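Beneath this line is the structure, given in structure tokens, with notes to follow.
Below, chains carry the letters A, B, ... as their sequence lines are ordered, and counting in each starts from 1. This one's a predicted model, so the numbers in the text were calculated from it and none came from an experiment.
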2 protein chains.
Amino acid sequence: MNSRPSQNSGNRTSEEGRDNVTRLSEKREKILEGALRVFLAQGYSASMDAIAAEAGVAKQTVYSHFKDKNSLFAALIDRLLDHFVSAGLTAELLALDARSFVRKIAQITLSRMDDWEYVSLLRLIIGESGRFPELSELYVAHMVKPGIEKLAAYLRANEQVRFSDPEATARVIHGALINFVILQEVMHGKHAMPMSRERLINSIVDMVLFAGEQGKQSS
Amino acid sequence: MNSRPSQNSGNRTSEEGRDNVTRLSEKREKILEGALRVFLAQGYSASMDAIAAEAGVAKQTVYSHFKDKNSLFAALIDRLLDHFVSAGLTAELLALDARSFVRKIAQITLSRMDDWEYVSLLRLIIGESGRFPELSELYVAHMVKPGIEKLAAYLRANEQVRFSDPEATARVIHGALINFVILQEVMHGKHAMPMSRERLINSIVDMVLFAGEQGKQSS
DNA sequence: TGCGTGCTAGACTGGTAAGTATGATTGATT
DNA sequence: AATCAATCATACTTACCAGTCTAGCACGCA
């Protein structure tokens, strides 16, 4: 179990002639990558020995870059949240008509179902939201809130649809999408209750467009 | 930390004259109740000593009723799933008109936000869905699938609405509701992005009714 | 050449936890 | 009164783990 030979046997093989700063961040990078794999696979209970081994680095090196397990974990989640912050929702999307816009948003959101890292991160953040409420609040503040707000802003601004409460409507759309990811992938529901993404997307698009249309006619 | 005096000091106080079977299940019950509080509060990493102490029972007694920690955990989750299996969705609800029906379903689902046990169970099952995939599959099979199927059956049968894909529509509704619980309570999002249940419910009801109406007119 | 820095492997400390073992107590049964 | 089964408190074994410590190695710099 811990008989990992660890390729680099204590010496710096000649091919690394970079400056200090670069080397420093290289180790830090390796540690974060190892921590990513181990934490996402095993949860917070993963051992620091396992992380050091996975990173191909001495345990002491981990502690020279991160104060303790908590700090490493928090730094990793921070990093992951940065990485996943929806770069989507910008510029060209906003120019789309309502039908294409909603469909595109849905496709982008659901495409993350294929990303093991994203699915594991979701599970980890929800699972540790008792022990680390700050981290789940970070997730909400950095990934959920901006996404819903942009979606709501689009719904409010677009001429083709009108909702009495665009904020709440945005939540319905977002919730339907994210919960699909949680049900199918995080909770392994795809075997017991399979459903194609297209069917979900079509339903969402229909509901939004029909309801948005209706909103225009009344009031 | 473990200086808990444990009221009952090794003797059965006279007021319990029940038969063996009753006493047996009484202990088992106490253990499960202690395990419930401790597991839901601390997650699977809770210690067996803590559980025994919380249950007011000797550790050995725990092991005489449950093979090991895994079995106790699984038995507890089973029990909790049974307890939460939506007794709703029966009889009188089905007789309601579409608007009242959807609203009622939504209110029932969201009312669980106030239930600490339900919120903690959700967090626990999702968090441990990596380590215990069977349990999350149990959750899906026992709580999610029946609920969505009943909802879909209603949508399919009701005359007032028509959807091209009632199954998918049911998922949208369910996802919007459950994700609201997860966001607001499990992930502590209610401070960063507050929203009243009524607003969400109104949006869902509007979307469902407008879209269901539209489905009738076309096709 | 010699020093400092960042790293390495590995041992160690102190604490916690799962599961087992022991021996006593108690109430029910015979 | 003797026995049995369930329970109790406590201590033990084994294992893991966070975090520290040691001693040595390799590279860069002066």
Side-chain angles (χ1 to χ4, degrees), chain A residues 1-31 34-35 38-39 42-76 131, chain B residues 1-31 34-35 38-39 42-74 131:
Chain A
M1 213 40 121
N2 60 6
S3 62
R4 203 171 174 285
S6 178
Q7 316 305 50
N8 47 356
S9 43
N11 35 27
R12 190 161 299 113
T13 47
S14 54
E15 102 289 354
E16 334 184 22
R18 269 63 61 84
D19 54 307
N20 277 342
V21 186
T22 309
R23 266 215 320 282
L24 250 157
S25 30
E26 270 171 19
K27 288 294 174 189
R28 202 188 151 89
E29 199 57 26
K30 280 180 74 178
I31 294 168
V38 177
F39 273 137
Q42 307 182 23
Y44 183 74
S45 66
S47 82
M48 293 296 269
D49 290 278
I51 291 167
E54 180 69 29
V57 135
K59 187 154 74 151
Q60 193 53 242
T61 308
V62 177
Y63 280 98
S64 75
H65 285 276
F66 300 94
K67 178 175 156 290
D68 55 18
K69 194 181 181 180
N70 263 341
S71 311
L72 173 57
F73 186 69
L76 175 68
R131 217 185 320 227
Chain B
M1 209 43 120
N2 58 4
S3 63
R4 203 172 174 284
S6 178
Q7 316 305 52
N8 47 357
S9 42
N11 36 28
R12 193 161 295 111
T13 46
S14 55
E15 103 286 355
E16 332 184 24
R18 270 64 62 84
D19 55 307
N20 277 343
V21 186
T22 309
R23 266 216 321 281
L24 249 158
S25 30
E26 269 172 22
K27 287 293 173 188
R28 203 187 150 89
E29 199 55 26
K30 280 181 74 177
I31 294 167
V38 177
F39 272 138
Q42 307 183 23
Y44 183 75
S45 65
S47 84
M48 293 296 270
D49 290 278
I51 290 167
E54 179 70 28
V57 135
K59 185 155 78 153
Q60 195 54 243
T61 307
V62 177
Y63 280 98
S64 76
H65 285 277
F66 301 94
K67 180 175 153 288
D68 55 17
K69 193 180 180 181
N70 263 342
S71 310
L72 173 57
F73 186 69
R131 218 186 319 228

Open item on the list: Measuring only between side-chain heavy atoms, which start at C-beta, is Ser64(B) closer than 4.5 Å to Lys27(B)?
Closed with: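 Contact flag for Ser64(B)/Lys27(B) side chains = no.
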- [ ] Check whether any side-chain heavy atom of Lys69(B) lies under 4.5 Å from a side-chain heavy atom of Phe39(B), and answer yes or no.
- [x]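 Of all side-chain heavy-atom pairs linking Phe39(B) with Lys69(B), at least one is under 4.5 Å.
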Open item on the list: Return whichever of Ser64(B) or Asp68(A) has its heavy-atom-nearest nucleotide of DNA chain D closer to the 5' end.
Closed with: Ser64(B)
Task: Shortest non-hydrogen contact from Ala52(B) toward Ala58(B) - done: CB-C, 4.2 Å
Atom-to-atom span, [atom1] of [X] to [atom2] of [N] - whole angstrom:
X        : N       : atom1 : atom2 : result
Gln60(A) : dT5(C)  : CD    : P     : 16 Å
Ile51(A) : dC16(D) : CD1   : P     : 17 Å
Phe66(A) : dG19(D) : CZ    : P     : 13 Å
Glu29(B) : dT7(D)  : CD    : P     : 14 Å
Gln42(A) : dA18(D) : CD    : P     : 11 Å
Asp49(B) : dA11(D) : CG    : C1'   : 12 Å
Arg28(B) : dA6(D)  : CZ    : P     : 14 Å
Lys59(A) : dC21(D) : NZ    : P     : 13 Å

Open item on the list: Out of the candidates Val38(A), Asp68(A), Leu72(A), only one should pair with Met48(A) under the side-chain contact (heavy atoms from CB on, under 4.5 Å) rule; please name it.
Closed with: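 The residue from Val38(A), Asp68(A), Leu72(A) that satisfies side-chain contact (heavy atoms from CB on, under 4.5 Å) with Met48(A) turns out to be Leu72(A).
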Task: Distance-only donor-acceptor test (3.5 Å): side chain Lys69(A), base dG19(D) - done: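 Check fails, no donor-acceptor contact within cut-off.
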Open item on the list: I'd like to know if Lys27(A) reaches the base of dG6(C) with its side chain such that a donor and an acceptor end up less than 3.5 angstrom apart.
Closed with: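 By the distance-only test, no, there is no pair.
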Open item on the list: Please report the interatomic distance CZ(Arg28(A)) to CD1(Ile31(A)), rounded to the nearest 0.5 Å.
Closed with: 8.0 Å
Task: Selection from dG19(D), dC17(D), dA9(C) that lies nearest to any side-chain heavy atom of Ser47(A) - done: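 The listed nucleotide nearest to Ser47(A)'s side chain is dC17(D).
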TODO: From the options dA18(C), dT7(D), dA18(D), select the nucleotide whose nearest atom is closest to the side chain of Tyr63(A).
DONE: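 Of all the options, the side chain of Tyr63(A) is nearest to dA18(D).
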Open item on the list: Taking any heavy-atom pair under 4.0 Å as a contact, classify Thr61(A): base, sugar-phosphate, or nothing.
Closed with: base
Open item on the list: Categorize Ala50(B) for me: base, sugar-phosphate, or nothing, with a 4.0 angstrom heavy-atom threshold over every strand shown.
Closed with: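 Here Ala50(B) touches no strand at all.
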Open item on the list: So, OP1 or OP2 of dT7(D): does either fall under 4.0 Å of a side-chain N or O from His65(B)?
Closed with: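 The answer is yes; a side-chain N or O of His65(B) sits under 4.0 Å from OP1 or OP2.
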